[in-house]
Amino acid sequence: MDQEAPPQFYNPSRAESDVQDYWTSHGTFEATENSSLPKYYCLAMFPYPSGQLHMGHVRTYTLGDVIGRFQRLQGKNVLQPMGWDAFGLPAENAAIKHQVPPAKWTMQNIAHMKAQLQSLGFAYDWTRELATCDPDYYRWEQWFFTRMFKKGLVYKKAAWVNWDPVDQTVLANEQVIDGRGWRSDAPVERRELAQWFLKITDYAEELLDNLDRLPGWPDKIKTMQRNWIGRSEGVEITFPGVDQPGITVYTTRPDTLFGTTYLAVAPQHELAVAAAKSNPSLQLFLDECNQVKVAEAEMAQLEKKGMPTGHSARHPLTGVDVPIWVANFVLMEYGSGAVMSVPAHDQRDWEFARKYGLPIAQVIEPEAGEIDLESASFTDKGRLVNSGEFDGLNFDEARNAIATRLEALNLGSRQVNYRLRDWGVSRQRYWGCPIPIIHCDKCGPVAVPESELPVLLPTDVRFEGVASPLKSMPEWYETSCPDCGGPAVRETDTFDTFMESSWYYARFACSKHSESMLDERAKYWGSVDHYVGGEEHAILHLLYARFFHKVMRDEGLVDSDEPFEKLLMLGMVLQDGVKMSKSAGDAGDPQVLLAKFGADAVRMAMMFAAPPEQSFEWSANGVESANRWLRTRLWNPVMVHLDAINSAGITTIDKAGLTEAQKDMRRITHETLAKAEDDYGRRLTFNTVIAAVMAMMNAVQKFHDESSQGRAVVHEALNAAVLIMSPITPHICHLLWRKLNDEPLESAVWLRVDETALTRSVVNVVVQVNGKLRGQLEVAPDTSLEEIERDARALDNVVKFMHDKTVRKVINVPNKLINFVVG
RNA sequence: GCCCGGGUGGUGAAAUUGGUAGACACGCGAGACUUAAAAUCUCGUCGCCUUUGGGCGGUGCCGGUUCGACCCCGGCCCCGGGCACCA
């Protein structure tokens with residue numbers, strides 16, 4: 001940029017750093033709790049400090065900033081904080097690869113990314129910044145966990161993990177590539193480890209029901225969460241054992257019980273494991289099943305395979321023996337790890353039965369028509385057949401009758417089941433929050449007392465291999481039992497990083513507070529009014545945070561039931577068709593564009609590219625044209641106008657004395673204001689805000705009027721343009737607003753729409769014949785149908801298409817359309 | 001595989017409640033300014049046909065509802081996100 005450029009030329013790099021200095025020195029965006037204005041907490045999902053900002057970040061934070069700045073213009077007391085989701089796997093990967101301690105690597109990344117965020121001019125209150133790897137943060141997470149522990153919301157059970165037999169370590173799902181460890185290339189094995197779980201299922205019902213009380217959430221996210229929680233009503237049924245303990249299954253189709261021709265258990269089910277001890281080929285099959293990584297997607301795409309266990313169980317109502325199979329598609333984590341298989345009425349069971357020659361017994365018939373069990377199963381509900389005394393009952397009747405019978409026999413019970421599983425929070429990793437538990441041989445697991453928190457994560461570590469250094473630090477894990485004082489060891493696992501992101505939004509209210517997890521300020525800021533983030537977080541993060549919020553509420557820490565009132569779920573910024581990631585490289589790096597065209601142009605290009613919920617492929621092309629528009633269509637016209645009013649002065653608008661052209665210009669200005677307000681506040685489509693301002697400025701360019709009223713009308717239009725654009729391009733608008741109004745932008749309020757300016761003297765009515773466009777009419781608003789019909793019938797082109805036909809119907813949409821239906 | 005989305009000109013997109021498909025831009029083409037270029041400005045730009053009035057076709061594909069469908073319904077194809085240890 002030309003350092004000598006006089007101030008009337010647009011120079012983004014100088015202008016933006018000046019404006020940013022102004023914001024910093026004036027503390028413009030530092031939020032306080034003692035405002036008379038209504039509070040507005042606007043939050044964008046905090047980033048993992050991977051080291052480089054990419055365009056996905058730019059999009060998320062710009063969208064959040066636009067919302068926050070718009071709400072500020074609407075007279076709200078806005079809080080927009082920023083922090084760092086600083087624990088996680090990439091820091092360990094970097095440590096292993098480059099021998100740099102995760103803490104150091106993370107802090108360097110934070111410093112770099114903070115500078116990048118600041119150069120984009122977001123209206124953050126940086127005084128509230130937090131990093132989750134800071135002991136001042138995670139000590140309260142540990143404290144909260146011990147509260148949950150004492151409440152009985154925490155328990156330990158064995159769970160399956162991906163085990164790398166060469167590196168002797170647990171692998172994350174993303175570290176397993178085609179069934180092999182990413183570093184060792186060894187085939188992964190499933191292994192059972194004792195893990196800590198949080199009883200999120202205790203809250204399943206509330207998490208589901210409260211979705212109905214979140215009107216500010218997109219329906220698609222609520223649907224995803226509903227499906228994920230997966231409430232179902234069914235019956236738990238016990239098939240008594242023949243030569244082994246009975247098998248308990250859960251089914252939502254008890255009406256098909258008589259069609260059960262075999263049972264299927266998960267490969268990890270105890271019966272399968274026991275049976276394999278004396279059956280080498282079954283053991284071989286189980287081993288094969290255990291060489292698939294621990295992910296539902298893997299499981300679901302496997303070829304369906306099974307093997308008989310050699311055992312059978314007794315049908316609870318018929319007493320007939322049914323064989324027990326092991327099947328690789330039965331999930332150990334869902335229900336009881338066993339299912340009753342009804343091949344006639346379940347397609348997966350049908351395919352399995354056909355493959356292995358198992359019998360298929362029809363017990364449901366359709367209300368009408370024929371079925372062919374040779375070609376497929378019949379899965380609709382219908383009437384029972386071949387079911388003894390239950391024959392003839394429909395689904396509801398049969399479900400009740402069979403459940404009642406099973407309950408009487410003590411072989412079943414009605415059960416509401418959730419697909420949602422408890423949250424396993426143990427990670428066998430170093431770079432995370434230490435789980436504040438001490439294992440004592442005498443007392444068992446004991447929560448670390450509050451006075452001894454935080455359990456500090458040592459930061460001066462070296463990665464010798466790939467395993468967590470904590471596992472080989474006796475000086476760290478050897479301790480004494482808080483209860484009996486005897487020798488004991490610390491838990492060396494750390495928390496799932498979703499723990500940190502489940503409550504950070506609340507901590508921002510009082511991030512520096514050292515006396516408790518949250519204080520009264522958390523109640524002042526309350527729920528996040530608008531939460532902005534990527535749709536990849538639609539389920540897990542949001543569900544865990546909702547769960548934490550409810551537990552915090554039950555502990556008296558917050559007042560509300562839900563953490564996020566309104567939710568904006570952003571589509572992905574794609575690169576080469578997939579979501580941008582840390583490894584994506586330079587194409588996602590905004591630095592070059594920032595230096596060349598400025599933050600305003602980058603922000604504007606990003607907002608203009610697509611509406612927020614839509615995923616799109618990033619292209620840098622728009623940035624240059626955004627810069628050009630700001631310079632030639634916003635900055636320059638304001639400068640020309642300022643010259644004009646400097647020499648000729650400025651007057652107020654005389655509404656009664658305007659020419660038609662001046663009225664038109666004013667109408668466009670106020671239509672644009674109204675549209676911008678609606679798009680910003682309700683529709684959240686900022687691309688169309690920009691388009692509307694562009695159209696308005698095109699009209700200003702064409703509006704040549706040297707009169708004093710003309711200047712006043714232009715003045716109003718330019719003020720509207722600057723104000724409307726200011727949430728998106730805050731730096732240039734800060735400068736232009738001051739030049740136009742001699743007051744700082746942050747004391748400006750949104751311009752009111754002048755309803756009288758919106759009235760039109762003519763409206764355009766479309767004339768159709770049989771739904772096809774045949775002409776147009778310019779008429780006064782609210783012209784009578786008779787008059788419009790008469791004028792429309794007189795149009796040459798309408799005559800052409802109607803002259804030899806009979807009008808059967810006339811459709812009229814007032815001030816918009818008239819349609820002659822002829823035949 | 002299962003759950004949730006998406007598919008509109010050469011490109012990004014707009015069309016808000018079923019009512020003029022393609023606003024606003026990018027790109028491209030033509031022109032103005034210039035010795036020239038850059039920058040800037042003006043005009044044109046869905047395809048085909050045309051007597052230049054206009055006509056026909058067109059929103060992933062096939063079918064349906066309706067006076068009228070990008071929009072609603074049924075069936076398919078393709079792309080993206082999530083699937084519990086990436087965050």
Side-chain angles (χ1 to χ4, degrees), chain A residues 45 47-48 50 85 87-90 159 161-162 170-176 218-221 223-228 230 293-302 304 329 333 348 420-424 426-429 496-498 501 534-541 543-544 569 571-572 574 577-579 581-582 605 608-611 613-617 619 621-622 624-626 628-629 632 636 675 678-679 682-683 685 687-688 690-695 698 701 764-774 776 796-797 800 808-811 813 816-823:
Chain A
M45 291 177 183
Y48 177 80
S50 56
D85 189 13
F87 278 136
L89 205 51
V161 294
N162 302 311
V170 175
L171 298 178
N173 281 334
E174 73 159 9
Q175 295 175 313
V176 180
D219 287 336
K220 72 162 177 168
I221 306 299
T223 303
M224 283 192 245
Q225 292 223 346
R226 260 183 216 110
N227 291 341
W228 184 262
K293 83 171 173 184
V294 188
E296 197 185 315
E298 286 310 284
M299 301 274 297
Q301 277 167 107
L302 291 176
K304 314 266 181 292
F329 56 84
E333 292 81 9
R348 191 172 59 184
L420 178 68
R421 309 200 289 259
D422 277 335
W423 178 11
S426 297
R427 296 293 181 270
Q428 296 70 41
R429 302 193 205 294
D496 178 7
T497 56
F498 276 126
S501 54
E535 67 178 344
E536 68 270 31
H537 295 293
I539 296 175
L540 291 179
H541 161 60
L543 198 64
Y544 292 146
M569 285 272 92
M572 243 41 74
L574 304 177
V578 292
K579 133 180 149 180
S581 67
K582 294 143 213 121
F608 191 50
E613 327 79 60
Q614 188 164 314
S615 295
F616 71 98
E617 181 80 12
S619 153
N621 293 344
E624 184 173 358
S625 51
R628 180 163 56 229
W629 186 85
T632 65
N636 290 347
K675 177 170 177 55
D678 189 43
D679 287 355
R682 180 181 65 87
R683 292 215 305 154
T685 53
N687 55 331
T688 54
I690 295 170
V693 175
M694 285 176 165
N698 289 347
Q701 298 283 88
N764 188 264
V765 171
V766 166
V767 182
Q768 296 182 339
V769 179
N770 281 344
K772 283 188 187 286
L773 176 70
R774 296 302 177 198
Q776 317 211 7
D796 288 349
N797 207 37
K800 198 164 109 192
R808 308 209 179 274
K809 205 168 171 188
V810 180
I811 311 275
V813 181
K816 220 166 192 179
L817 173 143
I818 183 164
N819 182 17
F820 296 101
V821 184
V822 301

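Quick caveat, the model's predicted, so the values are computed rather than measured. Residue numbering restarts at 1 for every chain, and letters A, B, ... go by the order of the sequence lines. Just so it is clear, the values below take in all heavy atoms, side chains as well, and ignore hydrogens, waters and symmetry mates.
In this structure, the nucleotide among B:U20, B:A25, B:G80 sitting nearest to the side chain of A:F608 is B:A25.
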Item to check | Bracket notation of RNA chain B in which parentheses pair within the strand, [ ] cross earlier pairs, and | pairs with another strand (Watson-Crick or G-U, under 3.5 Å) | outcome: (((((((..(((......[....)))((((((.......))))))((((....))))..(((((..]....))))))))))))....
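Under the rule for a salt bridge (Lys or Arg N to Asp or Glu O under 4.0 Å), A:R628 has no partner lying at least two apart in sequence or in another chain. A search for side chain to side chain contact (heavy atoms under 4.5 Å, CB included) contacts involving A:A300 returns nothing, not counting sequence neighbours. Not counting sequence neighbours, the partners of A:E296 by the salt bridge (Lys or Arg N to Asp or Glu O under 4.0 Å) test are A:R419. By the ring-ring contact (aromatic ring centres under 6.0 Å, His included) test, A:F498 is found to be paired with A:Y544, residues two or more places apart in sequence or in another chain being considered. Applying the salt bridge (Lys or Arg N to Asp or Glu O under 4.0 Å) test to A:K800 and every residue at least two apart in sequence or in another chain returns nothing. Remark: A:K809 pairs with A:I811, A:V821 by the side chain to side chain contact (heavy atoms under 4.5 Å, CB included) rule, at least two apart or across chains. Residues passing the side chain to side chain donor-acceptor pair (under 3.5 Å) test with A:N227: none are found, sequence neighbours excluded. Every salt bridge (Lys or Arg N to Asp or Glu O under 4.0 Å) that A:D679 has, sequence neighbours left out, goes to A:K675, A:R683.
Taking atom CE of A:M569 as the reference point, atom P of B:G81 lies 15 Å away to the nearest angstrom. Remark: P of B:A87 and NE2 of A:H541 are 13 Å apart, rounded to the nearest angstrom. B:C83 atom P lies 10 Å from atom NE2 of A:H537, rounded to whole Å. The distance between atom CD of A:E536 and atom P of B:C83, rounded to the nearest whole Å, is 10 Å. When rounded to the nearest whole Å, the span between CG of A:D679 and C1' of B:A14 equals 11 Å.
Here A:A295 lies in heavy-atom contact (under 4.0 Å) with sugar-phosphate atoms only. Among the atoms of the strands shown, base atoms are found under 4.0 Å from some heavy atom of A:F498. Looking at heavy-atom distances under 4.0 Å, A:N764 makes contact with a base.
A sub-4.0 Å separation between OP1 or OP2 of B:U11 and a side-chain N or O of A:N621 is absent. A sub-4.0 Å separation between OP1 or OP2 of B:G55 and a side-chain N or O of A:R774 is present. For A:R628, no side-chain nitrogen or oxygen approaches OP1 or OP2 of B:C41 to under 4.0 Å. A sub-4.0 Å separation between OP1 or OP2 of B:A25 and a side-chain N or O of A:N698 is present. Between A:T497 and B:A87 there is a side-chain N or O to OP1 or OP2 distance below 4.0 Å.
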Shorter than 3.5 Å, N or O on both sides, protein versus nucleotides 2-8 of chain B: list them out with atom names.
unit_1: B:C3; atom_1: O3'; unit_2: A:N227; atom_2: ND2; d: 2.8
unit_1: B:C3; atom_1: O2'; unit_2: A:N227; atom_2: ND2; d: 2.8

N/O contacts under 3.5 Å, protein versus nucleotides 57-59 of chain B?
unit_1: B:G57; atom_1: OP2; unit_2: A:K772; atom_2: NZ; d: 3.2

Dump the pairs, protein N or O against N or O of nucleotides 62-68 of chain B, anything under 3.5 Å, distances to one decimal.
unit_1: B:C67; atom_1: O2; unit_2: A:N819; atom_2: ND2; d: 2.5

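Listed for the A:N770 side chain is a donor-acceptor partner under 3.5 Å among the backbone atoms of A:V822. The closest donor-acceptor contact from the side chain of A:Q301 to the backbone of A:A297 lies under 3.5 Å.
Between A:A297 and A:P611, the residue anchored nearer the 5' end of RNA chain B, judged by the nucleotide with its closest heavy atom, is A:P611. Taking the nucleotide of RNA chain B with the nearest heavy atom to each of A:A172 and A:D678, the more 5' of the two is matched to A:D678.
In this entry the base of B:G12 is anti relative to its sugar, with a glycosidic angle more than 90° from 0. Within 90° of 0 lies the glycosidic angle of B:G53, which makes this nucleotide syn.
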Checklist entry - Could you go step by step and tell me if A:E613 and A:K220 meet the salt bridge (charged side-chain N to carboxylate O under 4.0 Å, His left out) rule? => result CA-CA 11 Å; A:E613 327 79 60; A:K220 72 162 177 168; over 6 Å; no
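A heavy-atom distance below 4.5 Å is found between the side chains of A:L89 and A:E174.
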